[in-house]
Amino acid sequence: MRMWKAIFSVLTIIFGSLGLMNIVSTDITLPIMFVFMGLTFLTKAKECYDKGAKKDAMIFTGIAIFIYVITAYNLISRFM
């Protein structure tokens, strides 16, 4: 689980950096960055759930769902 969290965190940083340096348009990099950030929170939630901290797992799951809802709303509003 630690390996997946590290991979998703690195990918989040890479796509955020690509957008900030204007190498790739932020219209493309921000949604991808937020997807990987949500996956990082979901892996942290799974890690907490496996350790028995169910309240912490629910908090991280809620944060991931919030990130995905905001990302979906931004994508939908951009194309309408």
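- For Arg78 (side chain) and Asp27 (main-chain N/O), a donor-acceptor pair under 3.5 Å exists by modelled atom type.
- Not a single side-chain hydrogen bond (donor to acceptor under 3.5 Å, both in side chains) links Lys54 to another residue, sequence neighbours left out.
- A distance of 14.0 Å separates NZ in Lys46 from CH2 in Trp4, rounded to the nearest 0.5 Å.
- A distance of 7.0 Å separates NZ in Lys5 from CZ in Arg2, rounded to the nearest 0.5 Å.
- Both Val24 and Phe15 sit in one connected hydrophobic cluster of ILVMFWY residues. Membership requires side-chain heavy atoms under 4.5 Å apart, directly or through other members.
- When side chains are defined from C-beta on, Tyr68 counts as touching Leu42, because their heavy atoms get closer than 4.5 Å.
- Phe66 and Phe8 fall into different hydrophobic clusters, where Ile, Leu, Val, Met, Phe, Trp and Tyr side chains are chained together by heavy-atom contacts under 4.5 Å.
- Minimum heavy-atom separation, Pro31 to Thr26: CD-O, 4.0 Å.
- Each of Ile32, Val35, Thr40, Ile7 was checked for a side chain to side chain contact (heavy atoms under 4.5 Å, CB included) with Thr12, and the lone residue meeting it is Thr40.
- Met33 and Leu75 fall into different hydrophobic clusters, where Ile, Leu, Val, Met, Phe, Trp and Tyr residues are linked whenever their side-chain heavy atoms come under 4.5 Å apart, directly or through other members.
- Counting heavy atoms from C-beta on, the side chains of Leu39 and Thr43 never come closer than 4.5 Å.
- For the pair Ala57 and Cys48, the tightest heavy-atom approach, listed with the atom from each and the gap, is N-CB, 4.0 Å.
- Take Leu20 and apply the side chain to side chain contact (heavy atoms under 4.5 Å, CB included) test, not counting sequence neighbours, and it matches no residue.
- Considering CG of Leu11 and CE of Met37, their distance stands at 12.5 Å, rounded to 0.5 Å.
- Side-chain heavy atoms closer than 4.5 Å link hydrophobic residues (I, L, V, M, F, W, Y) into clusters, and following such links, possibly through other members, connects Phe41 to Ile14.
- Under a hydrophobic clustering in which Ile, Leu, Val, Met, Phe, Trp and Tyr are joined whenever their side-chain heavy atoms come within less than 4.5 Å, directly or via other members, Met21 and Phe34 fall into the same cluster.
- Partners of Asn22 under the side-chain hydrogen bond (donor to acceptor under 3.5 Å, both in side chains) rule, at least two apart in sequence or in another chain, do not exist in this structure.
- Taking every heavy atom of both residues into account, Thr61 and Ala45 meet most closely at OG1-CB, 3.4 Å.
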